[in-house]
*Asks:* 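Submitted below is the structure of interest, expressed as C-alpha cells.
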Amino acid sequence: MAMSEISRCSYHVFLSYRGEDTRKSFTDHLYTALVHLGIQTFRDDKEIERGNNIKDEIEKAILHHSKISIVVFSKNYAASTWCLNELIMILEHKKSSKHIVLPVFYVVDPSQVKNQTGCYAEAFTQHEQNLESETNMVQRWRNALKEVADIGGMVLQDRHESQFIQDIVKEVQNKLHLISLYVPPYLVGIDSLVTQINQWLEQDGANKVGIATICGIGGIGKTTIAKVVYNQNIPRFEGYSFLADVRETSQDCNGLVRLQRQLISDILKGKSHKIYNIDNGINKIKQIVCCRRVLLVLDDVDELEKIKKLMGTQIPFHPGSKIIITSRNRCLLNAHFISQMFDLEASTSCGGLSKLSEVKELASSESLQLFNWYAFGHNSVPESSMAYARSLVKHCGGLPLALQILGSSLSTKSVSSWKSALEKLEEIPDSKIQEILRISYDSLEDDHDKNLFLDIVCLFIGKDRDYTTTILDGCDFYSTIGIENLVGRSLLIINEKNKLMIHQMIRDMGQEIIRQESSDIGKRSRLWHKNAFDVIREKIGSRTVKCLTIDLKGLLEDKAERTNTTLHFPKHSKSQFLMANDVDMETQAFAKMKRLKLLQLDYVRLKGDFKDFPKILRWLRWHGFCMQSFPVDFDINELVVLDMRNSKLKQVWKDTECLPNLKILNLNHSHSLLKTPSFSGLPSLEKLMLKDCINLVEVDQSIGELKILTFLNLKDCTSLRKLPRTIGSLISLEELILSGCSRLDDVPRELHNMESLKVLNLDETAIYQSRLRLHWLLLKRSKGLGFSWASLPGSLVKLSLESCKLSNDVMPNDLCNLASLKSLNLSRNPIHYLPESLRNLTKLDELLLTSCTELQMIPKLPVLLNVFKCNFIFGDKSSFRIILPCFFSSTRCVIFGCEKLTEVEDLFKLEPIENFEAEEIRRLFNVDSINRNRLQLYSYLTDSIMLATPQVLQECGVTSTFVIGSEVPIVFKHRTNEHRISFSLPTPSHPDEKIHRFSLCIVFSLASDQMLEILPSVHIFNETKMIMQRYRSTFIGIPQTNDNTMLWLIHWPVTDCQFEGGDVVSCMVVPIHLSIRKFGVTYESEHNIRYEYGFSHLSTGDEVSARNIKMDLTKHLPSLESYGDVKVQLCSYIEGSKVVASPQGIITTLDPMPFDYSGHYYGHQAGKTEVSISVPPNSSRKISCFLNSIIIFSAKNDKTYGFLPCLEIVNETKGTKWTYSKHFMGIPETKNTLYWTTCWNFRGDELEAGDHITLRVLSDLSVLEFGIDLVYDYELDDNPNFFS
C-alpha cells in the first residue's frame, strides 16, 4: 500500500509484529478475525518501503488514524530494530493522546520482554555490538520493552491459538465499544462470496435499492457470511439492523412485534418506540426507512409472508438501501414479490440489483483446516489422529456446522475416542447436526413432498432427473413440482448432468427419519442395504414397506473391504460372486409386502414361486437376474420401468406379455439374449435399451408397433446383421444408436419414413460393404464413385459415421436432403477430402474429423463461419482484436490426429517454402535467404508433429514461418533481447502514406517441455489509439534441444488507418513455455510509387533523447558534394512496374565516384561500418551544427531488392543516441555502388566542443566507404585531424 493511500485511510487497529515470526500464521489469523468483525485493521503486509522519513510517515498515516495498537511480541521481535523503533513511536503516541496499546505475548513470557532475558537478551547483545556508538538508542529500546510489559496484556500460556485470538478480538471490541456482531474466529472458504456481496453492495450504491438472498442448506454458513458482510459494511450506511432467527422468532407469541421493535431501535441507534401491534410496527418502519440509507439483514427466512407481515408492502426504502435475506429456500425471491415489497420507483431500480448467492460446501482441504481449528486450536493434525480426522472430515461433506460440532466434541479426546466416534457416526448421525438440518424437511408443506424426498434419499441419488420422474410419476407422485419444491428448500440439487444429488448430511438426515419410524426394521416404510438384506433373510417384512433396495454385489464388496479380503468383480461380471452358499433368500420373504412399489434386487438369487410376490410393483431393477426367462407366475403388469441389465435372459418372456404402463425396458449387457421379446403388449414403451447384447441376432417384427418409442439403443450388438423393415414405422423415434454393430450391413430403406429421427449413430458398422444390398445408399452411379444418402430422413440433426472405413470413393456426394443436420462425425475414416455438398449444410455447427489421417483439405463450411476475428469494445475509442482460428474459439470443428491436413479454406494454409520464389520470401519476411534444413513443426489444431523443410503458414491474414537460426536480420529496425519492444511511428512524408504492415522476427528456444500445451501469441498494441491486435499461431517450430534456437518470422498486414505517424506502438511476445532470446520489429508504409520512411525513436536500455530528423534534400544535398541529378530505378510492389525517379536521399551511379578526402569530410574509413570523432573547438559565434555523412554501399545482384540502411549517432560524452533509417526498394545493376547522404542538424547543447561521438551504419549491404563532416555557421579551423 502506498504511503499516500495509507494517509487517507482510517483504522481501528494498527498491528505491530515481527513479520518472519508470525506474518503467515498467528498474525494472519488475528488480522482475519478482526476484519471479519468489521474492525478496520492495518498491517504492513507489503513491507512499506522504509526511507529516512518513514517515522514521520508512519506516525502521520497510521498512529494518528488508529485507535488501538496491538503489539505482538514473539521470539524474534527484539531482533528487529524496525519493530523496536515502531514500539517507541507507539508508546510516545500513547503518552500524548488517548491511543490504546494492547500487548500480546505470543510464545514468550512478559518477564522475558520486561527484563530482556532469553532470546531477548541475545538480541540486545547483538544490538550493543552493532551499535556501540548509539548506546542511548539501545537503552531507549530497553525502556520501551519494560514500559509496555508493565501495561499488562494478553498472554497465550497454555490456551489454544483459536481461543487466544477469540479473547483478543473480544478485548478489542470492548475497548472500541463496537456493535459488531460476533462471528467465529476461524472462517474458512468464505472470502470469495463475501467479496462478491460486498461488490454488489457498492454497485450504484448511492441511488439504487437492492435485495439479495444468501441461500443454502442448514449449517452451510449463510448466517456467518451475512454477519461478516454486515460487520464490514455498517459504516457505509446511515442505519442498519440485523434481525436474527426470523423463522423461529416469528413463531413465538408477539415474535413479529419483537422483531419490529428491534429493527426500529437498531436504525434509530437505540431509541425505543412503543409498538402496540403488527400494523403499528409496519407504519413506523416505513416512516424511518424512507429518510435514510439502511442496511437490513433478515436472517433465516422461510416464507415470504413473514417478510410482508414484518414490514408490509410497497415499502418506500431510501435510495441506496440494501436488504440481505438468508434462507434455505433458493426460490424465495421472485419478481412478483419484489414489485409488491417496494414502491413502484424503487422496485424498478431494484430489478437490476436483485442477487442470489448460493453457499457451496467447503473443499476437502478447507474442511480439514476448519476441523483442525476446532479440534486442536490450530491448523495441524497430530500424526496419530490424521487418518481419523480425514475420515471425519469426509463424513461431514464440507458442511461447516458439522465440522465445528464434531471438531469441538473431539477436542482433547484420546485416539480411541476418535475411533469410537467415527464408528458411531457411520451408524447414527450426530443429533445436534440432524436437528438443524431437519428444519428444512419439516418446513415442507405436505406429506407428498416429504414422501418424495424420502424415496429419492433411498433410491434415486445420482439418478437422471427425467428417469426418476418417469418412475415416481408412475407411483402417483407429482414429481415435477415436487422436485422443484425440494430444490427450493435446498434439500436437493440438480447438477449440470441433470442428476439428482443430495448432500450426504441431508441424506443421513432423511435416512434417520426413516429409522425413527420404528425400532422394528421390518415395519419401516423404506429399507436399504444391510437392513433390507436382514429383512429378506429373516422374512420379517410387513405391509408398511413401500421401497426396498439391495445390491448384493455392493454388500459383499463392502464386507470384503471391512475384513481386508480382496474381491475382484470384473465389469459386467454376472455369476462368479453371486451368492455364498450360506445366503438363502426366498420369494416368500416378500409375501407380506403388499404395498411394495419400488424394488431393487441386484445380483440376488431367489428361490420359490412368485405367486405371492407383490403385485403393484412400478419399478423393478434386477441386475444380474439369473433365470433364462421371466417366471410365468411373476405378476409385473403394473410396471413402469423394468431394468434387467447384466441378466442371463435368453428370452425375456415366453409369450406376449401385456405391460400397458411400461415406459422403459433396459436389457443392456444381457449376453445370453438371442432375440428381443414381442413388443405387441407394450403400447406405452418409450425407451428400449439393448446395448452390448452380443448374441442378439434378431429384433422382433412387432417393434414397428411401438408408436411412441423415442429411444432405441442397439450399440455393440455384434451378432446383429439386419433390422426388420417394420423399424421404419417408428414414427416417434428420435434417437437410433447402431454403433459397434460390426456385422450390420443392411439398414432398411424404410428408415426415411422416420419423420422424428434426429440422431443416427452408425459408428463401426459394416455399411461401407453393403454396395449390393444397400442400394438406397448407393450413388446412382454415373461415374461409379460414391453413394447417395438421399434416403436418410430429412429430420436428422446428428449423424455419426465414425470408423466406417469410408474413403472418397464411397463418401456421400449428395447431402442436400439433410438440411436440418447440425452435427456430423466422420472421424477415423480414410478420406482425403470432404465432399463439396457439405457446403449446403447451412445449419451444421459441429464437424468431428478426429484421426482422419489421410485428410488434406477442408472446404469452406458453415461450421467454420463466424470464426476468427473478434472485436471487443472497451470504451468509446479502444478495441481488442483477436486473430484466432475457429478451432480455438469453439469446439465445433475437431481435427485432432489429421496429420496430413494442410488447408482449411479461408482459415489457414500450409505450404512448403519451396513453392515460393526467393523474391516473394524477401517481400514477406524481410530476409535474403532462409535456412531450408528440415525441422519439426507442431500443429495445435491436429495435435501432431511433422518433420519437413520450413513451411509457410497463412492464417487469418497473417503469414508466418519457422526456420532454424539464431540472429535477427539487420533489416529489423527495432531490436531487443526481451519479449517486449516499444517505439513511435514516424510522421509520414506524404499525407496519403500509411503503415500497411509489420514484420516481426522472434528468436526463441525451449524453456519447458510443456511448450506444446498452450499456444504462443504475439500482441501489437497501439498505445495512442488503444487498439490491441493479438495473433495466436496454430503451429510452432520445435528446436531440437533447449540450447538450439529457431526464428519465427511473421508478416502482419494492418489496415483501416489503425497505425499512423506519431502513434506509440508496443509489440510483445507472450512466450508461455518459450524462452525469447532476441526480438526484432520493423514496418512499412504504403505509397503509390515507393516504400520509404525515416524516423527516430527512443532506444531501450539507455537514457537517451529523441527528436525528428528533417532533411531538405534541395538545400542540403549540394553541400554534401552531390554529383548531380542522377537517375535511379525504383520498384513499386503495388504498381508492379518500374519507374525512373530523381534522387530521394540515396544516390547511385553506374561507376564508383571519386571521393574528395581533402574536402569537408573529416572522417572516413574504407570498408568500415563505424567512425568516431571528437567535436572540435568553436567560437561563441556558433549558432548551430550540421553533421553530414556519406555511405557507399555495394549491391550484390540485379534482382528486385529491398534494404533498410540505418545510421546511429551516439554522443558518448552525454549518453544520448539518435537513429535514422531509409527503406528503399531498388533494382540496381550488378556491382553498382549506392551513395547515401544525410544531413543532421544539432541545436543548442546537443553537440558541443569536446564531445566524443560515434557513427555506426547498420545494413545487410556491403559498406565500401563511410565519411562524415561537421559544419558550423562559420569556417572551421584548419586542423582536420579529429579522429579518435
Side-chain angles (χ1 to χ4, degrees), residues 882-885 888 908-913 916 920-941 945-981 997-1008 1010-1021 1029-1054 1065-1083:
I882 301 177
I883 300 179
L884 185 67
F888 297 96
F908 85 87
K909 185 176 182 180
L910 197 66
E911 292 185 84
I913 204 161
F916 294 80
E920 192 171 4
I921 293 297
R922 277 197 295 270
R923 179 181 65 82
L924 287 172
F925 303 120
N926 283 338
V927 293
D928 291 338
S929 62
I930 280 183
N931 185 329
R932 302 202 175 192
N933 290 343
R934 288 161 66 88
L935 52 85
Q936 285 187 324
L937 192 64
Y938 174 76
S939 169
Y940 290 93
L941 300 180
I945 295 176
M946 65 183 298
L947 179 63
T949 56
Q951 305 286 303
V952 176
L953 172 65
Q954 302 173 54
E955 57 182 345
C956 309
V958 176
T959 305
S960 64
T961 189
F962 294 89
V963 298
I964 295 173
S966 60
E967 295 295 332
V968 175
I970 198 165
V971 71
F972 287 84
K973 171 68 176 169
H974 305 284
R975 303 156 178 259
T976 182
N977 293 332
E978 306 294 333
H979 71 284
R980 181 188 179 98
I981 191 169
R997 83 165 193 183
F998 287 90
S999 295
L1000 298 87
C1001 178
I1002 301 153
V1003 182
F1004 68 91
S1005 61
L1006 287 177
S1008 167
Q1010 299 175 330
M1011 67 170 290
L1012 305 184
E1013 294 182 3
I1014 305 175
L1015 283 74
S1017 62
V1018 183
H1019 303 241
I1020 298 180
F1021 181 39
Q1029 292 197 9
R1030 182 176 69 183
Y1031 167 60
R1032 284 185 174 177
S1033 174
T1034 54
F1035 290 79
I1036 186 72
I1038 307 176
Q1040 291 182 353
T1041 69
N1042 289 358
D1043 296 326
N1044 295 125
T1045 58
M1046 188 169 284
L1047 302 188
W1048 183 9
L1049 300 168
I1050 302 174
H1051 171 93
W1052 193 328
V1054 292
V1065 177
S1066 294
C1067 297
M1068 181 174 65
V1069 184
V1070 181
I1072 306 297
H1073 301 300
L1074 303 181
S1075 174
I1076 304 303
R1077 302 290 185 88
K1078 298 176 183 179
F1079 183 17
V1081 180
T1082 190
Y1083 44 87

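All residue numbers in this chain count up from 1 along the given sequence. All values derive from a computational prediction rather than experimental measurement.
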*Asks:* Testing the basics here: between Ile964 and Asn931, what is the closest heavy-atom pair and its distance to 0.1 Å?
*Replies:* O-CB, 3.5 Å

*Asks:* Could you give me the CA-CA distance, side-chain angles and deciding distance for His1051 and Arg997, then say whether side chain to side chain contact (heavy atoms under 4.5 Å, CB included) is met?
*Replies:* CA-CA 7 Å; His1051 171 93; Arg997 83 165 193 183; 2.8 Å; yes

*Asks:* Is Thr1045 reaching over with its side chain to a backbone N or O of Gly965, donor-acceptor style, under 3.5 angstrom?
*Replies:* yes

*Asks:* Are Phe1079 and His979 close enough, and set up right, to give a side chain to side chain contact (heavy atoms under 4.5 Å, CB included), and what steps lead you there?
*Replies:* CA-CA 7 Å; Phe1079 183 17; His979 71 284; 5.6 Å; no

*Asks:* Report yes if the side chains of His1019 and Cys1067 come closer than 4.5 Å at any heavy-atom pair, otherwise no.
*Replies:* no

*Asks:* With sequence neighbours excluded, tell me which residues meet salt bridge (charged side-chain N to carboxylate O under 4.0 Å, His left out) with Glu967.
*Replies:* Lys1078

*Asks:* Roughly how far, to the nearest 0.5 Å, is the OH atom of Tyr938 from the CD1 atom of Ile1038?
*Replies:* 8.0 Å

*Asks:* With ring centroids as reference points, do His974 and Tyr1083 lie under 6.0 angstrom apart?
*Replies:* yes

*Asks:* Verify, without hydrogens or angle tests, whether Glu955 (side chain) and Thr1034 (backbone) share a donor-acceptor contact under 3.5 angstrom.
*Replies:* yes

*Asks:* Quick one: CD1 on Ile1020 to CZ on Arg1030, what's the gap to the nearest 0.5 Å?
*Replies:* 13.5 Å

*Asks:* A side-chain contact here means heavy atoms from C-beta on lying under 4.5 Å apart; do Val963 and Phe925 qualify?
*Replies:* no

*Asks:* Could you tell me if the side chain of Ile945 sits less than 4.5 Å from the side chain of Leu937, heavy atoms only?
*Replies:* no

*Asks:* Measure the spacing between CD1 of Ile1076 and CD1 of Ile1002 and express it to the nearest 0.5 Å.
*Replies:* 6.0 Å

*Asks:* With side-chain hydrogen bond (donor to acceptor under 3.5 Å, both in side chains) as the criterion, how do Ser1005 and Arg1077 come out once you've worked through the C-alpha distance, each side chain's angles and the decisive distance to 0.1 Å?
*Replies:* CA-CA 7 Å; Ser1005 61; Arg1077 302 290 185 88; 3.0 Å; yes

*Asks:* Is it true that, when you exclude Glu978 itself, more than 12 heavy atoms of the residues, nucleotides or ligands shown sit nearer than 6.0 Å to its CD?
*Replies:* no

*Asks:* Verify, without hydrogens or angle tests, whether Gln951 (side chain) and Thr949 (backbone) share a donor-acceptor contact under 3.5 angstrom.
*Replies:* yes

*Asks:* Assess the residue pair Leu1006 and Asn1044 against the criterion (side chain to side chain contact (heavy atoms under 4.5 Å, CB included)); give the C-alpha distance rounded to whole Å, side-chain angles, the decisive distance to 0.1 Å, and a yes or no.
*Replies:* CA-CA 8 Å; Leu1006 287 177; Asn1044 295 125; over 6 Å; no

*Asks:* State, yes or no, whether a side-chain contact exists between Ser960 and Trp1052 at a heavy-atom distance under 4.5 Å.
*Replies:* no

*Asks:* Could you go through Leu953 and Thr961, starting from their C-alpha distance and side-chain angles, then the distance that decides it, and tell me whether this counts as side chain to side chain contact (heavy atoms under 4.5 Å, CB included)?
*Replies:* CA-CA 6 Å; Leu953 172 65; Thr961 189; over 6 Å; no

*Asks:* Who are the ring-ring contact (aromatic ring centres under 6.0 Å, His included) partners of Phe962, not counting sequence neighbours?
*Replies:* Trp1048

*Asks:* Do Arg975 side-chain atoms and Ile970 backbone N/O form a donor-acceptor pair below 3.5 Å?
*Replies:* yes

*Asks:* Taking C-beta and beyond as the side chain, do Glu911 and Gln954 meet within less than 4.5 Å on heavy atoms?
*Replies:* yes

*Asks:* Are any of the side-chain heavy atoms of Pro1016 and Val1070 separated by less than 4.5 Å?
*Replies:* no

*Asks:* Checking Phe1035 now: which residues fulfil ring-ring contact (aromatic ring centres under 6.0 Å, His included) with it, not counting sequence neighbours?
*Replies:* Phe908

*Asks:* Between Leu1047 and Ser966, which heavy-atom pair has the shortest distance, and what is it?
*Replies:* CD2-N, 4.0 Å

*Asks:* Show the nearest heavy-atom pair for residues Ile1050 and Val1018, with the distance to one decimal.
*Replies:* CD1-CG2, 3.8 Å

*Asks:* Nearest 0.5 Å please: distance from the OG1 atom of Thr1082 over to the CZ atom of Phe998.
*Replies:* 9.5 Å

*Asks:* Output the distance between atom CZ (Phe916) and atom CZ (Arg922), rounded to the nearest 0.5 Å.
*Replies:* 15.0 Å

*Asks:* Search all heavy atoms of Ser1017 against all heavy atoms of Arg1032 and return the closest pair with its distance.
*Replies:* CB-CG, 3.5 Å

*Asks:* Would you compute the distance between atom OG of Ser999 and atom CZ of Phe972 and round it to the nearest 0.5 angstrom?
*Replies:* 5.5 Å

*Asks:* Check whether any side-chain heavy atom of Ile930 lies under 4.5 Å from a side-chain heavy atom of Ile913, and answer yes or no.
*Replies:* yes

